[in-house]
Amino acid sequence: MLIPWDAPTVGQWGDSFGALNALMSTLAFAAVFFTLRLQQRQINDAQRDQHIQRFESTYFEVLHLFREAREAFQYKYGEAYVDAGKIKPLFNSLTSGLDAVRRANFEILWRLGNMPIDEIKPQFVGDVYEAAVIDRYESSTGPYFRLFYTILFRIRDDNFLTPTEKRRYANLFRSQLSSHEVALAGFNGLNPVSKDLATLIIEFRILKYLPDEFGRKYLARCYPPQAFEDRPD
């Protein structure tokens with residue numbers, strides 16, 4: 001059967017092809033758009049992977065420097081501690097590393113233990129820390145706490161890391177610390193010299209697992225409950 005070759009019939013055919021062309025154009029545009037989105041996602045994923053690699057490289061390098069700074073940390077008990085009979089003068093030598101951190105924390109706990117509990121407030125504790133540590137050994141303790149701060153600061157302010165990744169890196173750092181180090185960092189954060197270290201300590205829940213005998217009861221009077229709770233993802 002022959003289709004009549006007249007103007008109305010041709011117009012209908014033309015309209016059908018026009019609609020088909022519009023549909024094909026739309027599908028082609030959608031395919032191009034999807035391809036561009038996929039390519040951009042791949043580029044973003046590649047950039048993020050490269051950033052994570054660079055971040056981890058820097059992170060572990062700074063962590064290595066932090067360990068070196070810990071070994072260079074020096075401390076010796078003050079005269080008041082010795083005069084109180086807490087240690088014999090013969091054994092009060094200048095120590096380094098974790099033993100120095102331990103001694104610094106012991107002296108601060110002793111000083112705070114001699115005060116009424118009502119006087120244990122952030123500014124007072126910060127002053128006690130300054131007298132015991134900063135005024136006497138800032139040259140060796142300063143680099144240690146600056147690196148402590150740098151590690152947490154870099155984790156918090158990284159725009160590529162997800163909250164879960166930030167928590168993982170912070171927990172990895174926390175796992176490197178002894179309880180004495182955690183307590184001393186908490187005391188350090190209460191002194192103005194530490195900038196906003198206290199904010200980082202709270203955000204990453206550094207004090208969460210600190211036992212009572214290492215100073216938790218004093219720090220609990222200076223930091224909000226949030227500092228000792230689980231960190232949300």
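Computed from a predicted structure; not experimentally measured.
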Under a 3.5 Å distance rule, please check whether [X] uses its side chain to pair with a backbone N or O of [Y] as donor and acceptor.
X	Y	answer
T141	F73	no
E71	S96	no
R111	Y81	no
S140	Q74	yes

D196 with R156: basic N within carboxylate O range, under 4.0 Å =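 The answer is yes: the pair qualifies as a salt bridge.
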For the pair R103 and D99, find out whether any cationic side-chain nitrogen is under 4.0 Å from an anionic carboxylate oxygen.
->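 Counted as a salt bridge, because a side-chain N and a carboxylate O are separated by less than 4.0 Å.
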Taking the six-membered ring of Y209 (Phe, Tyr or Trp), confirm whether the NZ or CZ of R174 is under 6.0 Å from its centre and within 45° of its axis.
->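 Not flagged: R174 not positioned over aromatic ring of Y209.
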Please round to the nearest 0.5 Å and tell me the distance separating atom OG of S194 and atom CD of E130.
->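 Answer for the OG-CD pair, S194 versus E130, is 11.0 Å.
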Locate the shortest heavy-atom distance separating [X] from [Y]; write the atom from each residue and the value.
X	Y	value
F55	L161	CZ-CD1, 3.6 Å
K217	R221	O-CG, 3.5 Å
G186	L207	CA-CD2, 4.3 Å

Check whether more than 12 heavy atoms from other residues, nucleotides or ligands sit under 6.0 Å from atom NE2 of H64, and answer yes or no.
->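 At most 12 heavy atoms, drawn from other residues, nucleotides or ligands, come within 6.0 Å of this atom.
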CD/E79: more than 12 non-hydrogen atoms of other groups inside 6.0 Å =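 Check fails, neighbour count at 12 or below.
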Quick one: do the R70 and Q176 side chains pair a donor with an acceptor below 3.5 Å?
->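 No.
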Report the residue from L109, D212, V128, I108 that forms a side chain to side chain contact (heavy atoms under 4.5 Å, CB included) with Y218.
->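 Result for side chain to side chain contact (heavy atoms under 4.5 Å, CB included) with Y218: L109.
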What residue among F66, F60, Y149 forms ring pair (Phe, Tyr, Trp, His ring centres under 6.0 Å) with F173?
->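 With F173 as partner, F66, F60, Y149 yield a single ring pair (Phe, Tyr, Trp, His ring centres under 6.0 Å), made by F66.
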